[in-house]
Amino acid sequence: MPELPEVETIRRSLEPELLGRRIASATVHHGHVTGGLGARAFQAALGGRTITRLWRRGKYLVFDLARNAGLERHLICHLRMTGRLRYLRPGARWTEAPRHTHATLRLEGGGRLIFHDVRKFGRLTLAAPGELAGLLPAGRDPVVDGLAAADLERALRARRGGLKALLLRQDLLCGLGNIYADEALHRAGLHPARTADSLQAAELARLTAGIMAVLSEALAFRGTTLLDYRSGDGERGGFAEYLRVYGRAGRPCRACGSAVVAMRAAGRTTAFCPRCQPG
DNA sequence: TGATTCCTGTCC
DNA sequence: GGACAGGAATCA
């Protein structure tokens, strides 16, 4: 499941290949990924445009596309659970099943950008500059914007519900998903069901530090590959073996050795250590 | 605020 | 052969 570190790793792997390149043609093989926009409209909107910038907000990737002067558009990509973006250099083979390959951008001078998604939850969206803000998450991105304890305090202030549910809300903070929310709470020593208004200043500081630490470490290892995730050049992430609680229910906590426990929070499986993260 | 929906591969 | 995985939109 690509979360902030995975999407940022994809961005970094694609940027040197795509920046300044012009799209020769765009093909949509399965229309549901473009949210109803037909293959013809997609091709018309993208063909001949130059990729001028590739940036990220939360789990969203945004391609800035220019054609002539001032006629800018944006291609917004969300990979959801199993989506992949892969750049293939000229002549490189794509061996994945065609039924899961949903869109292809061919670049002038050769090379292809492929959108692949087994589960078909991922989306490619076209937007005009004025529409962008409404399509991207409103919350603070810890890596792009930075995150201080005061920022987290503002984001969580007066919010009801448990910390796990709050950390998953992209309108408060964007980029955390199930893996890194669990890992950040473990690093902070906070139970997933603790409420925001119960946090002492020191706990808020620990949570801030936990979020920043797990994101930067995961980024340094180019993300977490459990099953599906690959970067834009097809590489696996290396952070999975450093996860402390996520996916480790019943196994020993990496910090204290107690058995990791699974619970349900905000409709998601949530792993925590009952000793490191007391209720 | 919580349940439901979208999807398909994987695992028991 | 059925439960489960889950991000975010949608709805009760």
Side-chain angles (χ1 to χ4, degrees), chain A residues 1-8 10 28-37 56-62 76-85 95-103 115-125 127 131-142 155-156 158-185 192-197 211 215 218 223-230 236-237 240 243 245-251 260-272:
Chain A
M1 305 125 251
E3 304 178 24
L4 188 156
E6 290 76 32
V7 179
E8 177 61 19
I10 292 170
V28 176
H29 310 288
H30 297 93
H32 49 261
V33 301
T34 51
L37 190 65
R56 182 191 58 75
R57 176 146 203 96
K59 304 169 196 170
Y60 290 77
L61 262 184
V62 184
I76 305 172
C77 177
H78 196 304
L79 300 168
R80 297 288 187 98
M81 243 77 76
T82 55
R84 293 188 203 173
L85 279 174
T95 55
E96 298 289 337
R99 71 178 181 281
H100 297 143
T101 301
H102 305 310
F115 178 73
H116 173 274
D117 189 0
V118 168
R119 305 275 278 280
K120 299 187 179 70
F121 284 3
R123 286 291 177 271
L124 296 174
T125 310
E131 302 169 322
L132 206 49
L135 294 171
L136 296 177
R140 194 178 183 89
D141 181 302
L156 299 182
R159 302 291 176 181
R160 302 156 77 87
L163 288 177
K164 173 65 183 285
L166 293 173
L167 291 182
L168 292 176
R169 281 183 52 174
Q170 308 294 301
D171 59 332
L172 304 181
L173 283 188
C174 67
L176 293 179
N178 213 26
I179 297 174
Y180 297 112
D182 280 3
E183 294 295 311
L185 286 168
R194 280 283 299 275
T195 56
D197 61 10
I211 291 169
L215 290 178
T224 300
T225 294
L226 298 172
L227 212 61
D228 297 286
Y229 164 71
R230 298 290 186 279
R236 300 168 61 92
L243 296 176
V245 287
Y246 179 86
R248 294 179 51 80
R251 296 159 67 191
V260 172
V261 168
M263 64 178 277
R264 204 81 183 162
R268 311 283 169 68
T269 300
T270 296
F272 70 102

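Quick note on labels: first sequence line is chain A, next is B, and so on, each numbered from 1.
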N/O to N/O distances under 3.5 Å, protein versus nucleotides 9-12 of chain C:
none

| Between C/dG7, B/dT8, C/dA5, which one does the side chain of A/Thr269 approach most closely? | C/dA5

| task | Apply the test side-chain contact (heavy atoms from CB on, under 4.5 Å) to residues A/Asp141 and A/Arg57: give CA-CA distance (whole Å), side-chain angles for both, the deciding distance (0.1 Å), then the verdict. | result | CA-CA 6 Å; A/Asp141 181 302; A/Arg57 176 146 203 96; 4.2 Å; yes

| task | Among B/dC6, C/dA5, B/dG9, find the nucleotide with the atom closest to the side chain of A/Tyr246. | result | C/dA5

| query | Which distance, rounded to the nearest 0.5 Å, do you find between the NE2 of A/His102 and the NE2 of A/His32? | reply | 4.5 Å

| task | Report the distance from atom NZ of A/Lys164 to atom C1' of C/dG7, rounded to the nearest whole Å. | result | 12 Å

| remark: By nearest-nucleotide position on DNA chain B, the 5'-leaning member of A/Gly267 and A/Arg99 is A/Gly267

| What does A/Met1 touch in the nucleic acid at a heavy-atom separation under 4.0 angstrom: a base, only the sugar-phosphate, or nothing? | sugar-phosphate

| query | Does a side-chain N or O from A/Lys120 land closer than 4.0 Å to OP1 or OP2 of B/dT8, or not? | reply | yes

| field | For the student: nearest non-hydrogen atoms of A/Leu166 and A/Ala196, plus distance | value | CD1-CB, 3.8 Å

| request: Starting at atom NE2 of A/His30, determine the distance to atom C1' of B/dT8, rounded to an integer number of angstrom. | output: 13 Å

| query | Contact class for A/Arg159 vs. all strands (heavy atom < 4.0 Å): base, sugar-phosphate, or nothing? | reply | nothing

| message | In this structure, how many angstroms lie between the P atom of B/dG9 and the CG atom of A/Leu227, rounded? | response | 12 Å

| query | Of all heavy-atom pairs between A/Leu185 and A/Pro192, which one has the smallest distance, and what is that distance? | reply | CD1-CA, 3.8 Å

| query | Do the side chains of A/Leu227 and A/Thr82 get nearer than 4.5 Å, heavy atoms only? | reply | no

| task | Take the angle between the ring planes of A/Tyr60 and A/His78 and call it parallel below 30°, perpendicular above 60°, tilted in between. | result | perpendicular

| request: Go through B/dC6, B/dT10, C/dA8 for me and flag the one nearest to the A/Lys59 side chain. | output: C/dA8

| said: Roughly what angle, to 10°, lies between the helix axis at the start of the helix from B/dT1-C/dA12 to B/dC12-C/dG1 and the one at its end, five pairs per end? | reply: 50°

| said: Applying a 4.0 Å non-hydrogen cut-off, can you work out what A/Arg264 is touching in the nucleic acid: base, sugar-phosphate, or nothing? | reply: sugar-phosphate

| message | Without decimals, in angstroms, what is the distance between A/Met81 CE and B/dT8 P? | response | 13 Å

| note | Of the candidates B/dT8, C/dA8, B/dT10, the side chain of A/His100 sits closest to B/dT8

| query | Any ion pair linking A/Asp182 and A/Arg268 (charged N to carboxylate O, less than 4.0 Å)? | reply | no

| C/dA8 OP1/OP2 closer than 4.0 Å to side-chain N/O of A/His78 | yes

| said: The test is side-chain contact (heavy atoms from CB on, under 4.5 Å); show your working for A/Val28 and A/Leu124 and say whether it passes. | reply: CA-CA 10 Å; A/Val28 176; A/Leu124 296 174; over 6 Å; no

| note | When rounded to whole Å, the CZ to C1' distance for the pair A/Arg268 and B/dT5 reads 13 Å

| Whole angstrom value for the distance that separates P of C/dA8 from CG of A/Leu79 | 11 Å

| field | Atom-pair distance (CG on A/Asp117; P on B/dC6), nearest Å | value | 16 Å

| remark: Whole-Å distance, A/His102 NE2 to B/dC6 C1', equals 13 Å

| message | Tell me whether A/Lys120 contacts the main-chain N or O of A/Gly83 through its side chain, where contact means a donor paired with an acceptor under 3.5 Å. | response | no

| A/Tyr180 near the nucleic acid: base, sugar-phosphate alone, or nothing, with a heavy-atom cut-off under 4.0 Å? | nothing

| Closest to the A/Gln170 side chain: C/dA8, B/dC7, B/dG9? | C/dA8

| query | Is there a side-chain contact between A/Arg264 and A/Thr269 (heavy atoms, below 4.5 Å)? | reply | yes

| Given the rule in the side-chain contact (heavy atoms from CB on, under 4.5 Å) test, do A/Val33 and A/Asp117 qualify, once you have shown the distances and angles that lead to the verdict? | CA-CA 9 Å; A/Val33 301; A/Asp117 189 0; 5.6 Å; no

| query | Hey, is the side chain of A/Arg160 poking within less than 4.0 Å of OP1 or OP2 on B/dT1, counting only N and O atoms? | reply | yes

